[in-house]
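Take a look at the structure below.
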Amino acid sequence: MREFENKGSHPPWSRTVSLAEMTKEVGIDFDDFIASIKDDVTIEEMSRKYDVSEPTINQLREHFFHYGISSVIGGD
């Protein structure tokens with residue numbers, strides 16, 4: 001029997017890009033983006049504030065609500 005056979009079915013690292021990486025890619029300050037979500041800033045307001053399209057803001061928000069801040073999936 002292999003030593004790690006029953007350790008889990010998923011690798012102990014992320015398989016999805018983190019929200020911090022995604023916001024950086026589009027030029028949005030991560031901490032400010034999280035604060036905007038906390039303050040319930042609308043998608044339209046965030047789009048103007050960060051000069052990013054509404055669909056992009058919506059996708060970032062949906063990513064946050066689905067995966068959280070980071071998307072680490074592990075089997076340990």
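Worth knowing before you read on, the calculation uses all heavy atoms, side chains too, and leaves out hydrogens, waters and symmetry mates.
In Glu25, the CD atom is not crowded: 12 or fewer heavy atoms of neighbouring residues, nucleotides or ligands sit closer than 6.0 Å.
When all heavy atoms of Val52 and Val26 are compared, the pair lying nearest together is CG2-O, 4.0 Å. Taking every heavy atom of both residues into account, Ser47 and Ser53 meet most closely at OG-C, 3.7 Å.
Partners of Lys24 according to the side chain to side chain contact (heavy atoms under 4.5 Å, CB included) rule, which considers only residues two or more places apart in sequence or in another chain, do not exist here. Legend: residues meeting side chain to side chain donor-acceptor pair (under 3.5 Å) with Asp32, ordered by chain and number and at least two apart, are Lys49, Tyr50. Remark: Glu45 pairs with Thr42 by the side chain to side chain donor-acceptor pair (under 3.5 Å) rule, at least two apart or across chains. Listed by chain and number, the residues in a side chain to side chain contact (heavy atoms under 4.5 Å, CB included) with Thr23 are Leu19, Ile28, Phe30, Phe33, Leu60 (sequence neighbours excluded). Partners of Asp29 by salt bridge (charged side-chain N to carboxylate O under 4.0 Å, His left out), not counting sequence neighbours: none found. Under the side chain to side chain donor-acceptor pair (under 3.5 Å) criterion, Glu21 pairs with Ser18, not counting sequence neighbours.
Applying the salt bridge (charged side-chain N to carboxylate O under 4.0 Å, His left out) definition to pairs two or more places apart or across chains, none involves residues 50-67.
To the nearest 0.5 angstrom, Ile57 atom CD1 is 8.5 Å from Ile43 atom CD1.
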